[in-house]
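One structure below.
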Amino acid sequence: MQPASDPRITAGSVALAAIALLIGGAFAGLLVEGAHDLSGAWVAFDPYLLRVVRFTLWQAALSTLLSVGPALFVARALSRHPRFFGRAFILQLFAVPLALPAIVAALGILALYGRAGYFAGLFNWVGGQGWPGIYGLSGILVAHVFFNLPLATRLFLEALQTIPSDQWRLASQLGMAARPAFRLIEWPTLRAAMPGVAGLVFMLCITSFTIVLTLGGGPAATTLEVGIYQALRFDFDPARAVALTLLQIALTFIVVLALTRLGANVVGDTNLPVAPRRYLSVNGTEATLNALLIGLALLVVAGPMAATVIAGLSADLDRLAGETAVRQATLTSAVLGFLSALLSVMLSLALTMARRALASNRRSGPMTLLEHATDTGAGFVLVVPPIVVGAGWFLLLRHVGDVFAIAPLMVVTVNAVMAMPFALRAIRPAYDAASERHERLCAQLGISGWARLKLVDWPSLRRPLATAFAFAMALSLGDLGVIALFGSDSVQTLPYLLLARMGSYRTQDAAGLALLLGLVCLVLVLAADRLGKGMARDV
Amino acid sequence: MSDGAADGKGVPVRLDKVSFSYGEALFAFDVEFTATQITAIMGPSGSGKSTLLNLVAGFEMPRSGRVLIGGGDVSGEPPAVRPVSMVFQENNLFAHLSVEQNVGLGRSPSLRLTDTDHADIAGALARTGLAGKEKRLPRELSGGERQRVALARVLVRDRPVLLLDEPFASLGPALRDDMLDLVAGLHAERGMTVLFVTHQPQDARRIGQKVVFLDNGAVAATGTADDFFAGAGPEAFRRYIGAGAGDALSRDIARKRT
């Protein structure tokens with residue numbers, strides 16, 4: 001049905017080549033550096049390194065436990081009450097951390113629990129002594145729970161909503177109480193979803209950079225990613241950076257391998273289906289307990305957000321808005337974020353189209369290598385965290401010229417590729433469904449090329465493309481990983497400027513900037529969510 | 001039922017020793033459909049009814065053999081240039097385009113329409129009972145109306161062969177009869193060759209002139225509809241439509257099976 005040289009397949013191949021170049025270049029940088037100073041890289045494997053590895057795994061394990069365990073029960077509580085005032089708002093709120101820049105959350109948490117935070121007085125009174133603030137392991141855990149408790153809750157809730165409503169009808173007909181209903185109906189579903197959810201959270205925590213950098217507060221609480229950053233930016237110790245990077249890759253590779261074995265879906269979603277009609281009655285005790293659970297989760301999630309807003313509003317916003325540095329950083333962030341989102345959406349669309357074209361040309365028989373690459377290739381991007389890609393290129397280009405001059409290029413490309421798994425998640429189902437409906441009709445009526453793009457593809461893809469764009473832009477705007485390596489006085493993004501203000505103890509300024517950054521990302525995520533919902537309605 | 005179609009401009013459709021495989025399933029078709037007649041294509045699920053239409057329309061390419069339409073070999077031609085129109089069971093319309101635009105695509109795939117085209121589109125919409133609904137979107141139409149839009153597009157496309165792949169299977173009995181009568185009426189006016197896949201014996205009986213019965217990926221029997229439904233069809237056909245064929249063609253047993 002398709003001509004042999006389908007432009008969609010060409011586009012996909014070009015996109016794959018671009019991604020391979022980005023990742024391959026980073027690896028080349030690491031290899032060249034490692035070969036250059038082999039003994040140096042070897043020496044870098046010292047007890048300190050082992051301690052860093054141990055801490056990386058330890059904090060990730062604890063964060064996972066503290067996020068996923070409570071999330072099980074919060075999700076169950078939400079599913080037991082499919083209709084109450086504010087439920088939709090809570091779910092919406094739980095989607096926010098997914099795209100809230102980590103540095104904004106870190107500031108919110110400091111504003112709440114820090115040494116001079118809103119709760120410091122209370123803690124002083126309870127503890128009877130000076131509250132040391134929340135730096136270190138406890139700070140990292142609180143931040144990770146803030147991010148991952150709502151994520152895990154949404155994923156578990158999604159799983160619970162796949163239980164057919166007939167089972168609930170049957171349960172209420174049989175007079176099943178809450179406990180047996182949990183044991184016989186809810187738990188099997190939750191248990192099936194558990195490895196995937198726990199794996200995803202674990203993965204996010206071992207690659208967490210910003211949180212550890214801002215809340216770790218010292219060498220005692222350092223992870224591999226922060227170690228890479230410090231080795232490159234402060235110690236000028238490329239050999240150590242290579243050793244750390246290789247360890248990080250090995251670690252994430254093992255985790256992702258285990259995850260795919262467990263059949264996990266490694267990317268979160270911003271949309272939740274509407275709760276189906278339920279046939280269940282919840283007694284008073286359980287309802288109270290559920291309300292308490294949901295309320296606590298709400299506090300954990302909403303607390304830092306509220307603190308961000310309050311602290312931000314008390315900053316001297318007028319002065320900040322007038323500062324050249326702030327204006328410059330805002331402009332840089334906007335331009336880089338826009339370009340990055342555009343690139344991300346284009347790459348994702350190219351891969352999606354190529355995959356679909358290859359699949360429909362093939363009909364039956366085994367997948368070709370190219371189809372495999374377009375199908376799962378983007379997922380492997382997750383194995384290589386932004387810091388690692390950045391570090392590889394940093395080491396490679398160090399010999400060639402001014403590393404900091406290519407900062408914009410690195411920020412745009414690395415963030416574009418990092419947002420791809422999320423963009424694909426928005427674009428691919430829509431494209432495949434549209435193609436399913438339209439392919440034969442277009443072939444029959446001879447609609448192709450530009451006419452097809454204008455009349456058929458664009459109208460059905462406009463919304464998913466916009467969703468992917470908004471989400472990718474939010475992720476890119478909030479990223480601190482790449483810019484932390486490549487940033488300089490001449491190229492500053494908002495998160496970079498924020499980090500600088502934090503570093504020089506200008507907390508008020510930092511809070512004001514965090515509010516600005518957080519609001520922009522919030523607007524983008526809400527837009528993505530709204531667009532995604534409209535999409536579901538249209539079909 | 002119309003025997004002598006208006007200007008008889010339908011053309012014969014022939015599958016000449018066509019073989020095709022889809023995964024494990026093998027198909028071998030060698031059959032001719034008479035010009036300007038309505039042929040009902042029947043057979044159990046998986047017997048290859050839709051595959052046969054897809055081969056004629058060009059959505060599937062034969063592994064060997066030729067597809068001949070009006071004497072010309074179209075085996076290598078893409079769907080859009082073949083002299084056929086096809087109406088599917090669903091997804092005949094672009095959900096984001098209006099009724100008028102969906103019909104207009106039958107005239108110009110880039111929707112560049114002349115005044116004559118607009119007049120023809122209006123005529124086709126009126127003929128299919130859709131006058132006044134030009135600006136509606138498909139989701140504002142009933143299931144039957146959507147298939148009427150597809151038929152209106154068939155009219156403006158004006159090809160000598162019409163392929164119907166169970167287009168009315170999801171409609172209620174009375175509505176289905178209306179649609180069948182509409183098809184019969186259009187056939188009477190235009191005289192195209194119609195290949196009509198259906199599971200419903202009474203549909204085949206209502207408008208079919210010929211019957212082609214498929215079984216297990218090949219043509220098992222062909223004949224006139226009258227002969228088939230008078231009990232002269234092959235044993236497999238009688239088994240397919242159910243015991244006591246003659247009478248049992250009442251609506252009760254004639255539920256869609258897939």
Side-chain angles (χ1 to χ4, degrees), chain A residues 1-8 356-367 371 427 429-467 531-539, chain B residues 20-26 50-51 53-61 63 76-98 101-113 137-139 146 149-150 153-154 156-157 159 161-163 165:
Chain A
M1 201 168 16
Q2 306 289 343
S5 63
D6 192 323
R8 293 186 290 179
R356 181 72 193 175
L358 286 166
S360 57
N361 282 357
R362 171 173 57 89
R363 310 279 173 77
S364 54
M367 283 193 194
E371 192 182 337
I427 295 172
Y431 186 83
D432 286 357
S435 165
E436 187 73 42
R437 273 178 286 141
H438 299 155
E439 211 67 54
R440 280 208 300 182
L441 207 50
C442 286
Q444 157 97 167
L445 298 172
I447 306 171
S448 60
W450 177 244
R452 171 164 179 172
L453 198 66
K454 193 182 69 174
L455 291 173
V456 180
D457 286 338
W458 173 245
S460 47
L461 285 178
R462 208 167 39 197
R463 276 169 169 280
L465 287 177
T467 302
L531 289 165
K533 286 234 177 69
M535 198 155 68
R537 232 195 345 262
D538 258 9
V539 172
Chain B
F20 177 77
S21 65
Y22 185 84
E24 298 281 284
L26 292 174
S50 292
T51 304
L53 287 201
N54 283 337
L55 284 163
V56 175
F59 296 124
E60 305 286 10
M61 293 297 174
R63 208 170 53 179
E77 290 181 358
V81 306
R82 296 190 182 196
V84 303
S85 287
M86 184 158 169
V87 180
F88 314 115
Q89 186 167 348
E90 53 190 1
N91 294 326
N92 284 294
L93 307 180
F94 293 105
H96 57 275
L97 298 181
S98 71
Q101 288 174 309
N102 267 295
V103 174
L105 282 171
R107 194 49 71 78
S108 158
S110 54
L111 272 186
R112 273 190 282 273
L113 301 169
L137 288 176
R139 65 163 172 267
R146 283 181 213 162
V149 178
R153 190 172 56 215
V154 167
V156 303
R157 245 166 91 77
R159 305 274 163 116
V161 176
L162 172 59
L163 309 174
D165 191 3

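Every chain is numbered from 1 and lettered A, B, ... according to where its sequence line falls, protein lines coming before strand lines. All values below come from the heavy atoms of this structure, side chains included, with hydrogens, waters and symmetry mates left out.
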If I measure from the heavy atoms of chain A, does [X] come under 4.5 Å with its side chain, its backbone, both, or neither?
X	result
B:S85	both
B:L97	side chain
B:R153	side chain
B:R157	side chain

Output the distance between atom [atom1] ([X]) and atom [atom2] ([Y]), rounded to the nearest 0.5 Å.
X	Y	atom1	atom2	value
A:L441	B:N102	CG	CG	7.5 Å
A:R440	B:N92	CZ	CG	8.5 Å
B:L111	A:K454	CG	NZ	7.5 Å
A:L445	B:S110	CG	OG	12.0 Å

Nearest heavy-atom pair of A:A443 and B:P79: which atoms, and what distance? O-CB, 3.5 Å
Flag if over 12 foreign heavy atoms under 6.0 Å of CD, B:E77: yes
Quick check: does any side chain N or O of B:H96 sit under 3.5 Å from a backbone N or O of A:L455, one acting as donor and the other as acceptor? yes
